[in-house]
Amino acid sequence: MPAPRIKSPRLLVAESGADREGHGLKRTMGLFQLICFGVGAIVGTGIFVGLSDSVAQAGPAVVVSFVLAALTCVFTAFSFAELGGAIPVSGSSYSFAYAGLGESTAFLVGWCLLLEYGVSISAVAVGWSQYVNELLHSITGLQLPTALSAGPGDGGVINLPAVIVIAMAAALLVRGVRESARATAAMAAVKLAILLAFCAIGYSAFKDGNLTPFSPAGLGGIGAGTTAAFFSYIGFDAITTAGEEAKNPRRHIPVAILVCMGIVTLLYCAVALAAIGAIGGDQVAGRPAALSYVVNEVTGSAVGGGVIAFGAVVAIASVVLAVMYGQTRILMSMSRDGLIPRVFEKVSPKTSTPVAGTLIVAVVFALPAAFASLDAVMNLCTIGTLAIMAVVNIAVMALRRREPGLDRSFRVPLYPVAPLLGIGFCLYLMWETGWRTWIQFAVFLAVGLAVYGLYGRRHSTLAAAPADEVTPTAAEREPQAV
């Protein structure tokens, strides 16, 4: 059996120009922009739309579900922080797997990232459509016809708002990362203000009795709620995709990841308690645009709900923007390695952005947003994301053994307990997705292996590389000042 093709961290950094102006990209993002970018990538559909699904599973104990989902992410966030500081390139978990576990594993991680980011973009765009209708109704009393605001699976013809938000995000990303970062920061500030205002309204009507029974479905409900709540945290890893466009990636990426996770977890728990405490879990469960409904019920007016709907429109648009950004940068890294067609690595000298790759991503993910019902693949997206997170935790341990002298600006605390706990939490949530999802995931991975065997392995830039570039040499294991 041939040895795995492992690309050393030094080679990854050298190829990307990660400590210089890398690969035609410009370093324009500081710590504040990275934090806003992270909040922009995480806070959106999961809380504005997905909260009602999580409450339907766990009841008031959804707060516990959010904490468990956060723990899963926090342990893995430590690993992302270490690797993001040590290997500051655009490929994120794909590049980390390449350095830690080899090319075939890295390709499958990239394959799963297509699922994670692609389904996220499409699903978030569909959620944006719901709140656009809610906002229109609160302002004008009118709504878009179902034929233009839902796909065929949901009784419509085309989900036009979902296509529009993806097109707007693509247009902004094509213009440049500086413009995208500014827009993301502004949208992050708006949605945080809206959610804090929601908490103030919700807690003004808080009733202890609305929290009982606290866990109507028991531990099983909390587990199912955790799996549903996990989708609310998808996107925190997108911060590491800015490795080649951050001003000081080795220092700022770890800090941005940990700050974002703290902000988001506190915010989610506060919003969930405010919503349930105000009107009860039964009223929140399964309700579209749940936060607007809560505000309308508490205030007795549609004005407050309209403000929440506006916040949701802004929040969800920022998620589309941030996640699409991450997807294009990962595809750029895979293309640079020869594992997918070269068109995705081309950077415009005028805008310093991968224009062709961005437009392709927009078209591909606008189609399911416009016409498909994504409920059937949400669990598949979740299990794929959890698998990626487990691999990142394993990669941290593999690189600690093989590259002890690697320049690490952040180190996972409580090593190796933290990455092992991260793996354990990921496996638990993967188990909770059910055996049907496991079968779907196995088929998905088999297709990915076939694509790698037929195209990726043959076109890999490491296929003809000297052996000392494929695996790390003794010199590369020494401390580096890259």
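What you see below is based on every heavy atom in this structure, not just the backbone, and it leaves out hydrogens, waters and symmetry mates.
A donor-acceptor pair under 3.5 Å is absent between the side-chain atoms of Trp128 and the main chain of Ala162, judged by distance alone. No donor-acceptor pair closer than 3.5 Å links the side chain of Arg5 to the backbone N or O of Ser104. Between the Trp438 side chain and the Met430 main chain, a donor and an acceptor come within less than 3.5 Å of each other. In terms of modelled atom types and a separation under 3.5 Å, the side chain of Gln57 and the main chain of Ser54 share no donor-acceptor contact. With hydrogens and angles disregarded, a donor-acceptor distance shorter than 3.5 Å links the side chain of Ser348 to the backbone of Lys350. Although no hydrogens or angles enter the test, the distance criterion places a donor-acceptor pair under 3.5 Å between the side chain of Arg402 and the main chain of Ala99. Judged by distance alone, the side chain of Ser318 and the main-chain N or O of Ala315 form a donor-acceptor pair under 3.5 Å. Here the side chain of Ser335 pairs no donor or acceptor atom with the backbone of Leu331 at under 3.5 angstrom. Side chain of Lys191 to backbone of Val39: a donor-acceptor contact under 3.5 angstrom is found.
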Could you go through the side chain to side chain contact (heavy atoms under 4.5 Å, CB included) check for Leu172 and Arg182 one step at a time? CA-CA 11 Å; Leu172 190 55; Arg182 287 173 177 170; over 6 Å; no
Report the C-alpha distance between Cys426 and Thr76 in whole Å, list the side-chain angles of each, state the deciding distance to 0.1 Å, and finish with yes or no for side chain to side chain contact (heavy atoms under 4.5 Å, CB included). CA-CA 9 Å; Cys426 288; Thr76 304; 4.1 Å; yes
What do the steps show when you test Val67 against Cys269 for side chain to side chain contact (heavy atoms under 4.5 Å, CB included), and what is the final call? CA-CA 8 Å; Val67 171; Cys269 290; 3.8 Å; yes
Between Tyr325 and Phe37, does a ring-ring contact (aromatic ring centres under 6.0 Å, His included) hold up when you go through it step by step? CA-CA 10 Å; Tyr325 167 90; Phe37 178 71; 5.0 Å; yes
Does Ser460 form a side-chain hydrogen bond (donor to acceptor under 3.5 Å, both in side chains) with Glu103? I'd like the steps, not just the answer. CA-CA 9 Å; Ser460 168; Glu103 184 177 272; 2.4 Å; yes
Decide yes or no on side chain to side chain contact (heavy atoms under 4.5 Å, CB included) for Phe107 and Met334, but give the supporting numbers first. CA-CA 8 Å; Phe107 185 89; Met334 295 180 71; 4.0 Å; yes
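To the nearest 0.5 Å, the span separating CZ on Arg436 from CG on Leu380 amounts to 14.5 Å. Of the inter-residue distances, the one linking Leu34 atom CG with His252 atom NE2 reads 8.0 Å to the nearest 0.5 angstrom. Once rounded to the nearest 0.5 Å, the distance linking CZ of Arg329 with OG1 of Thr240 reads 13.0 Å. Atom OH in Tyr98 sits 5.0 Å away from atom CG in Asp337 (nearest 0.5 Å). The line from OG of Ser92 to CG of Leu113 is 6.5 Å long, rounded to the nearest 0.5 Å. To the nearest 0.5 Å, atoms CG (Leu115) and CG (Leu445) are separated by 9.5 Å.
Phe441 and Phe444 have parallel rings, their planes meeting at less than 30° on a 0 to 90° scale where 60° marks the start of perpendicular.
Contact annotation: the side chain of Val165 never approaches that of Ile316 to less than 4.5 Å [non-hydrogen atoms, C-beta and beyond]. The shortest side-chain heavy-atom distance between Ile394 and Pro419 does not fall under the 4.5 Å cut-off. Val347 places none of its side-chain heavy atoms less than 4.5 Å from the side chain of Thr353. Looking at Leu51 and Phe66, their side chains come closer than 4.5 Å, going by heavy atoms from C-beta outward. The closest side-chain heavy-atom distance from Tyr268 to Val43 is below 4.5 Å. When side chains are defined from C-beta on, Arg250 does not count as touching Arg408, because their heavy atoms never get closer than 4.5 Å. Counting heavy atoms from C-beta outward, Val109 and Val392 have side chains that stay 4.5 Å or more apart. By the 4.5 Å heavy-atom criterion applied to side chains, Pro88 and Val13 are counted as neighbours.
Closest of all the heavy-atom pairs between Met261 and Cys73 is CE-CB, 3.4 Å. When all heavy atoms are compared, the tightest approach of Cys36 to Thr184 is O-CG2, 3.6 Å. The heavy-atom pair separating Leu11 from Leu462 by the smallest distance is CD2-CD2, 4.3 Å. Of all heavy-atom pairs spanning Leu339 and Gly456, the tightest one is CD2-O, 3.4 Å. Heavy atoms only, all atoms of each residue included: Pro9 and Glu403 are closest at CD-OE2, 3.6 Å. Heavy atoms only, all atoms of each residue included: Ala274 and Phe198 are closest at CB-CE2, 4.0 Å.
Taking the six-membered ring for Trp, Tyr415 and Phe78 have ring centres at least 6.0 Å apart. Outside the 6.0 Å centre-distance limit, the rings of Phe365 and Tyr117 are not counted as a close aromatic pair. Taking the six-membered ring for Trp and the full ring otherwise, Trp111 and Tyr452 have centroids separated by 6.0 Å or more.
Between Arg400 and Glu82 a salt bridge is recorded (basic side-chain N to carboxylate O distance below 4.0 Å).
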Per-pair distances, 0.1 Å, donor-acceptor, side chain in residues 217-231, under 3.5 Å, sequence neighbours excluded:
{"unit_1": "Thr226", "atom_1": "OG1", "unit_2": "Ile222", "atom_2": "O", "d": "2.7"}
{"unit_1": "Thr227", "atom_1": "OG1", "unit_2": "Gly223", "atom_2": "O", "d": "3.3"}

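Within a 6.0 Å sphere centred on OH of Tyr203, heavy atoms belonging to other residues, nucleotides or ligands number more than 12. More than 12 heavy atoms of other residues, nucleotides or ligands shown are found within 6.0 angstrom of CZ on Arg342.
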